[in-house]
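Notes to accompany the following structure.
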Amino acid sequence: MLLRMSTLFLRTLRDDPADAEVPSHRLLVRAGYIRRAAPGGFTWLPLGYRVFRNVERVIREEMDAMGAQEVHFPALLPREPYEASGRWTEYGDNLFRLKDRRGADHLLGPTHEEVFTLLVKDLYSSYKDLPVWLYQIQTKFRDEARPRAGLLRGREFTMKDSYSFDVDDAGLDKSYAAHRDAYIRIFDRLGLDYVIVSAMSGAMGGSKSEEFLHPTNIGEDTFVRSAGGYAANVEAVATVVPDPLPVEGLPEAHVEDTPDTPTIETLVEVARQLFPDAGYTAADTLKNVVVTLVHPDGGREPLVVGVPGDREVDLKRLEAQVAPAEVEPFAEFEAHPLLVKGYLGPQVLGADGPAGIRYLVDPRVVPGTRWITGANEPGRHVFDLVAGRDFTWGGVIEAAEVLPGDPAPDGSGPLELARGVELGHIFQLGRKYADALDLRVLDETGKLVTVTMGSYGIGVSRAVAAIAESTHDELGLAWPREVAPADVHVVATGKDASVFGAAEALAQELVAAGLTVLYDDRQKVSPGVKFKDAELLGMPTIVTVGRGLVDGVVEVRDRATGERQEVPVADAAARVLAAVRS
RNA sequence: CGGGGUGUGGCGCAGCUUGGUAGCGCACCCGCUUUGGGAGCGGGGGGCCGUGGGUUCAAAUCCCGCCACCCCGACCA
């Protein structure tokens with residue numbers, strides 16, 4: 001394949017586009033790989049589309065190699081399956097919905113658990129047919145509140161998603177492991193760094209789940225890891241629960257005047273004045289935060305979350321716990337006179353308590369722990385309020401923020417926090433969708449059993465951006481060989497016909513050897529421009545045919561390392577082939 | 001959806017305060033020169049000034065609404 005720059009549909013930009021912030025977006029636009037075409041939607045230009053298809057090819061090869069089979073669905077889907085699974089409502093505003101001329105509801109698929117489930121149900125009905133692994137590489141539509149960062153978060157994006165169908169849990173474990181292995185091979189081939197972290201299954205439902213995160217500070221996900229190898233999405237971090245303490249011998253709870261202490265900071269200050277010897281810190285206080293849960297059906301429910309005062313409530317962690325409900329700030333204090341803003345204490349809380357509000361606490365609140373907390377009247381707090389003796393709660397919830405230095409739940413050391421881009425996500429869905437859509441098969445004994453499922457996604461277009469993020473330098477893009485739009489960039493510099501003749505011959509020789517060659521055959525373009533373009537476009541190998549030609553040499557340069565060598569013209573093709581196949 | 005910012009040729013920007021012929025650099029076209037690090041000179045083409053309404057003799061400029069984009073938060077591959 002020969003791509004001539006003189007006719008390639010390409011225009012590189014000298015200046016960075018003003019609306020692009022992250023490097024991948026900036027460079028992909030500047031190098032003429034993509035153009036924005038709609039809010040959160042991009043057009044793939046010839047070079048960009050070649051990268052896209054290479055990423056797709058790697059994924060497809062590995063999916064096929066593991067034994068998964070590709071299918072293709074319509075983009076426009078009927079409402080009913082999503083109604084049956086509950087996601088017509090649960091997916092909320094992120095779902096693109098539309099009506100046809102008869103008024104029937106449709107949607108643009110944001111993810112495809114339902115239709116895959118129905119497809120298998122349509123054709124299979126015996127345990128002998130299972131397991132089966134199906135996948136698609138298709139456009140997904142999500143009406144994101146805020147598309148951003150170019151390809152990293154669009155409203156329309158390409159995703160590879162696969163689904164496994166098994167008769168039992170052991171089978172699901174195997175399907176899950178097979179996908180996990182395939183994902184490792186895929187991301188290794190794509191040259192992407194990744195961390196596999198434990199995750200919440202979130203809106204998809206189900207149990208076990210891991211994410212493949214590409215560590216980068218522009219990532220939207222926060223994850224933790226320990227030196228000992230623990231890694232988890234911050235939403236999924238389990239707090240190390242202390243042992244309960246004996247209640248015997250603890251002092252009685254006592255209420256103190258603590259005027260003007262609506263915040264933890266002011267409260268700790270006053271507590272220290274009252275009891276200078278106690279050494280109180282924010283961690284000795286119990287902060288009770290009221291939120292409103294908004295359920296998918298629109299129902300609203302107040303909830304109080306109790307966390308140690310040295311920590312904020314992490315809304316992402318909280319929402320992950322209460323999904324599919326959403327969390328809003330509580331604004332109805334007038335309607336709940338028992339809730340004293342700033343001085344809220346557990347004494348009135350609990351579904352059976354006077355306020356009739358559900359009360360959940362951080363796992364660190366174990367029986368026997370002593371707390372300073374609100375006395376439910378302005379300017380007063382209660383001290384030595386002992387958990388389990390003086391107050392109870394309706395359950396524990398992982399809603400407190402995770403702080404650097406917190407212990408890993410598996411004892412592998414203190415946690416550090418980092419950011420990452422979610423490249424892939426694998427779930428053990430279990431029977432949620434099979435139940436909802438009644439996907440059952442006959443087992444060996446002739447009994448109907450519900451199929452158990454897994455779902456496994458990779459953001460294809462996002463992976464292109466992630467590769468650009470991780471491989472670019474100050475000069476431009478620098479593609480790994482596996483995904484580069486061409487194997488080699490042949491640059492002819494100068495005006496001498498012999499230069500273009502030699503460059504053309506080299507390009508043709510490389511094409512004949514099976515390479516894809518990007519050939520800068522533009523006349524009357526100065527060498528500086530061609531070099532800048534070559535660096536911006538980022539083919540892994542750049543061959544310059546120019547002034548060295550009078551001495552019989554060309555320059556072969558590695559884009560990523562910058563290493564360059566003068567090579568006799570006659571050896572140039574062999575040298576390039578060796579580099580490409582190394 | 002909340003907060004902040006920005007919308008003027010393909011890209012980057014000035015003009016708006018103080019209303020009156022739409023401008024600069026890059027890119028594009030033509031000619032000549034130039035050819036190893038985003039060339040020079042000369043000549044060109046291209047813009048419903050995001051959009052709808054209002055004020056005014058007159059609106060890119062002033063007022064109101066909407067839309068889009070970017071950033072920070074809330075949601076996801």
Side-chain angles (χ1 to χ4, degrees), chain A residues 11-22 25-26 29-30 32 35-36 38-40 59 91-95 110-112 137-162 183 199-200 202-204 211-214 218-221 233 235 291 294 314-316 318-320 323-324 326-329 420-427 455-466 475-476 491-496 499-500 522-536 544-549 555 564:
Chain A
R11 187 111 297 151
T12 58
L13 306 177
R14 186 186 296 235
D15 299 308
D16 284 332
D19 60 355
E21 192 71 16
V22 300
H25 186 196
R26 189 158 39 82
V29 170
R30 195 150 90 78
R35 295 292 292 173
R36 195 192 82 90
I59 295 171
Y91 226 95
D93 290 336
N94 265 18
L95 192 63
T111 174
H112 289 73
I137 298 177
Q138 287 191 230
T139 306
K140 307 284 172 172
F141 300 87
R142 293 182 192 171
D143 192 355
E144 295 283 346
R146 183 184 154 210
R148 51 177 294 237
L151 254 27
L152 283 173
R153 176 186 209 67
R155 299 209 296 176
E156 192 178 325
F157 58 96
T158 304
M159 180 166 138
K160 186 290 301 179
D161 50 332
S162 35
Y183 276 35
M200 299 289 297
M204 301 297 166
E211 290 171 333
F212 288 69
L213 294 184
H214 174 63
I218 62 155
E220 300 181 272
D221 285 78
N233 190 300
E235 292 168 13
V291 296
V294 182
D314 182 328
L315 282 179
K316 281 194 169 186
L318 175 57
E319 288 212 324
E326 291 180 3
V327 177
E328 282 184 8
V421 168
E422 186 178 355
L423 298 170
H425 200 158
I426 54 180
F427 296 95
S455 104
Y456 318 89
I458 293 178
V460 179
S461 38
R462 176 179 283 182
V464 173
L475 297 172
V491 178
T493 67
K495 56 179 176 179
D496 198 309
V499 166
F500 284 90
R522 292 175 296 176
Q523 309 281 333
K524 297 183 179 178
V525 172
S526 71
V529 171
K530 291 189 174 185
F531 292 145
K532 291 291 185 198
D533 274 347
E535 283 145 359
L536 176 61
T544 305
V545 181
R547 68 177 178 198
L549 195 61
E555 181 188 277
R564 52 179 87 194

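Residue numbering restarts at 1 for every chain, and letters A, B, ... go by the order of the sequence lines.
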Ignoring backbone atoms, test whether A:S526 places a side-chain nitrogen or oxygen under 4.0 Å from the OP1 or OP2 oxygen of B:U35.
no
Write down the distance separating the P atoms in B:G4 and B:G40, rounded off to the nearest Å.
44 Å
Give me the distance, rounded to whole Å, that separates B:C11 from B:G3 when you measure between the C1' atoms they each carry.
30 Å
Work out how far the C1' atom of B:G25 is from that of B:U8, and round it to whole angstrom.
15 Å
Give A:D16 one of three labels, base, sugar-phosphate or nothing, depending on what nucleic acid heavy atoms sit under 4.0 Å from its own.
sugar-phosphate
Hey, does A:M159 have a side-chain heavy atom less than 4.5 Å from the side chain of A:I458?
no
Nearest-Å distance once atom P is located in both B:U18 and B:G44:
37 Å
Do A:R462 side-chain atoms and A:E422 backbone N/O form a donor-acceptor pair below 3.5 Å?
yes
A:F157 aromatic ring stacked with six-membered ring of B:A77, 5.5 Å and 30°:
yes
Touch check for A:S461, heavy atoms < 4.0 angstrom, all strands: base, sugar-phosphate only, or nothing?
nothing
Which whole-number value in Å describes the distance from A:F500 CZ to B:U35 P?
13 Å
Rounding to an integer number of Å, can you tell me how far A:K140 NZ sits from B:C76 C1'?
13 Å
Minimum-distance nucleotide (side-chain atoms of A:E535 versus B:C76, B:G37, B:G36)
B:G37
Rounded to the Å, how far apart are A:E555 CD and B:G36 C1'?
9 Å
Please measure how far the C1' atom in B:A68 lies from the corresponding atom in B:G54, and state the result in whole Å.
22 Å
At 4.0 Å (heavy atoms only), tell me whether A:Q138 reaches a base, stays on the sugar-phosphate, or touches nothing.
nothing
Whole-Å distance between B:A77 P and A:I137 CD1?
17 Å
Heavy atoms only, 4.0 Å cut-off, all strands: where does A:G154 land among base, sugar-phosphate and nothing?
base
So if I define the base as every atom that isn't primed, P, OP1 or OP2, how would nucleotides 24-30 of chain B read as a B/S/- string at a heavy-atom cutoff under 4.0 Å?
-BSSS--
For nucleotides B:C67 and B:U17, find the distance between their C1' atoms and express it as a whole number of Å.
26 Å
Output one line per pair: protein atom, nucleotide atom from nucleotides 69-74 of chain B, and distance, for all N/O pairs under 3.5 Å.
from	atom 1	to	atom 2	distance (Å)
B:C72	OP2	A:R146	NH2	2.9
B:C72	OP2	A:R148	NH2	3.4
B:G73	N7	A:R146	NH1	3.2
B:A74	O3'	A:E319	OE1	3.2

Assign A:V525 to base, sugar-phosphate, or nothing according to its heavy-atom contacts below 4.0 angstrom with the strands shown.
base
What's the closest nucleotide to the side chain of A:E422 if the choices are B:C11, B:A77, B:G36?
B:A77
Is there a side-chain contact between A:T493 and A:R547 in this structure, where contact means two heavy atoms from C-beta onward sitting under 4.5 Å apart?
no
Can you give me the closest heavy-atom contact between A:L152 and A:A466, atom names plus distance?
CD2-N, 4.4 Å
Backbone of A:Y456 reached by a side-chain donor or acceptor of A:K160 within 3.5 Å
yes
Find the distance A:R462:CZ to B:A77:C1' and express it as a whole number of Å.
5 Å
Please answer whether the main-chain N or O of A:T158 pairs with a side-chain N or O of A:S461 as donor and acceptor at a distance below 3.5 Å.
yes
Each stem that RNA chain B is part of, given as range with range (3 or more consecutive Watson-Crick or G-U pairs, under 3.5 Å):
B:1-7 with B:67-73, B:10-13 with B:23-26, B:28-33 with B:39-44, B:50-54 with B:62-66
Quickly work out the A:D143 CG to B:C1 C1' distance and round it to whole Å.
12 Å
Quick one: which of B:G36, B:U34, B:G12 gets closest to the side chain of A:P17?
B:G12
Quick check: does any side chain N or O of A:R142 sit under 3.5 Å from a backbone N or O of A:R155, one acting as donor and the other as acceptor?
no
Distance check, C1' atoms only: B:G20 and B:U56, in whole angstrom units.
12 Å
Side-chain contact check for A:R142: nearest option of B:G37, B:C76, B:U35 is B:C76
Under 3.5 Å: donor-acceptor pair, side chain of A:Y183, backbone of A:G457
yes
Sugar-phosphate only, base, or nothing, as touched by A:G546 at under 4.0 Å among non-hydrogen atoms:
base
Would a 4.5 Å heavy-atom cut-off, applied to side chains only, mark A:D161 and A:K140 as touching?
yes
Got a donor-acceptor contact below 3.5 angstrom from the A:K530 side chain to the A:R522 backbone?
yes
Within the structure shown, what part of the strands sits under 4.0 Å from A:R35 by heavy-atom distance: base, sugar-phosphate, or nothing?
sugar-phosphate
How many Å lie between CG on A:D496 and C1' on B:U35, as a whole number?
11 Å
When the P atoms of B:A22 and B:C66 are compared, how many Å lie between them, rounded to an integer?
31 Å
Please state how far atom NZ in A:K532 lies from atom C1' in B:G37, giving the value in whole angstrom units.
6 Å
